[in-house]
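Here is the structure we will look at.
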Amino acid sequence: MVKKVLKFGGTSVGTIERIQHVANIIKKEHSEKNKVIAVVSAMSGKTNELLKLSNEIAEDFNKRELDVLLSSGEQVTCALLSGALTRLNIKSKSFMNWQIPILTEGDHSNARIINIHVEKINDYLNNNGVAIVPGFQGISKNGDITTIGRGGSDATAVAIAKIFNAECCEIYTDVDGVFSTDPNKIPVAKKIDKISYDEMLELSSLGAKVMQSSAVQTAMMYDIPLEVKSTFTERKGTKIFSQENIDYTKSVTGVAYSKDDAKITVKEVEDKPGVAANMFEPLSKAQVNVDMVIQNISSDQKTTDITFTVKRDDISKTKQILKESTSINYKEIISNEKVAKVSIVGAGMVSTPGVTYKMFRGLSDENINILAISTSEIKLSVIIDEENTLKAVKKLHTIFDLD
Ligand code: ASP
Ligand code: MG
């Protein structure tokens, strides 16, 4: 008998038929004598629909009431799922955020779970019941309903797994697991059987949107094994756990890409100490996150060109700040938003020499120009022209034996 947290995302509970199907998955787990806590999302599209309603009243709809409104989507799923289980003769009950309670701190719409009371649910599990819990929400110390950020049901599931000391946390979704690259765009993409938290974090922050990255981070911190799997097939999913449990035969585990970056070049800045600091200080004060930085010596040796990348959403803000800055002199600012970041991720990279060279050679064979580079122990990212994205991803997927 093991205690399990099963989390079902919005598409998994998107219709009544699907909720009934989920009830059958839980019934099977229950018949194998597992203690099940199911964490559920709102039915797909529901949270957006509620958000839209609030916008029709006011764009700056009252924050407290917005959380009351948005949290209701999960409440609906809880009741329907529990009802479906009861109909299958499984003892089941929904526990609302304030009934448990799930305690949070922080602002409305952006709160964090800090504690969850376990007694009621543990009693219920010990009496052979299945507990259904709403994801994405809690209450503040004043007793107000809070939500914990979009996609937050993953974080709820991981927090429940930790606080209830569950054996594992299974994330049921509409794909078979985590893939070596985007399977919608690159059909030869393969499902990854096992991946480390670190790699998963890199992949999810680089654009593979299977799981919320802050939830993966929490799982890593407390060493909670995760499994991402499909609600709709019986296939094995992807297991996510710590690196020691993985035998690396490949240097690269996955290829990710994103199109949220933009590149800025500041031409002919004076080449003397403090210039880069003067340039980036006002950006950091304005919360602009600078990712990659490259500095070239220009031909006259007195000035230099500095190129860096920021999030696309920050581009006009960045240019404005640089223009207003009195502490740097330069000739002009050029920006390019039509760029993509393509990254290879793999814990096996650490012990394989020549990965960098192989990536650069592969891109050059495809005539793709590299505009900027950044590396970490288990990741290598390049900025390239956006139009070359798929060509680059395909090539890297092939040369690193992922097809
Ligand atoms: N229903 C919430 C959202 O759409 C939370 C979740 O599904 O994880 O963001
Ligand atoms: Mg989600």
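Order of appearance sets the numbers: ligands from 1, and atoms from 1 within every ligand. This structure is a prediction, so every number in the text was calculated from the model and none was measured. For this chain, numbers begin at 1 and follow the sequence in order. FYI, side chains are in, hydrogens and waters are out, and symmetry mates aren't considered; it's all heavy atoms of this structure.
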Should the proximity of Q212 to ligand 1, defined as any heavy atom under 4.0 Å, be assigned to the side chain, the backbone, both, or neither?
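Within the 4.0 Å criterion, Q212 makes no contact with ligand 1.
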What atoms of ligand 1 come closer than 4.0 angstrom to any heavy atom of [X]?
X: S153; result: 5 (C), 6 (C), 7 (O), 8 (O)
X: G152; result: 5 (C), 8 (O)
X: R150; result: 3 (C), 4 (O), 9 (O)
X: E74; result: 1 (N), 2 (C), 5 (C)
X: S41; result: 6 (C), 7 (O), 8 (O)

Assign the ring pair F232 / H21 to parallel, tilted or perpendicular, where the plane angle (0 to 90°) is split at 30° and 60°.
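The rings of F232 and H21 lie parallel, inter-plane angle below 30°.
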Is [Y] paired with [X] through a side-chain N to carboxylate O contact shorter than 4.0 Å?
X: D176; Y: K191; answer: no
X: E199; Y: K250; answer: no
X: E167; Y: K4; answer: no

N/O of G151 under 3.5 Å from N/O of ligand 1, yes or no?
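So ligand 1 has an N or O lying under 3.5 Å from an N or O of G151.
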What residues, two or more places apart in sequence or in another chain, satisfy side-chain contact (heavy atoms from CB on, under 4.5 Å) together with L88?
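Once residues adjacent in sequence are excluded, the partners of L88 under the side-chain contact (heavy atoms from CB on, under 4.5 Å) criterion are A23, N24, K27, I90.
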Considering residues at least two apart in sequence or located in another chain, which fulfil the side-chain contact (heavy atoms from CB on, under 4.5 Å) criterion with N122?
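Scan of N122 (side-chain contact (heavy atoms from CB on, under 4.5 Å), adjacent residues dropped) gives K3, V118, L125, F164.
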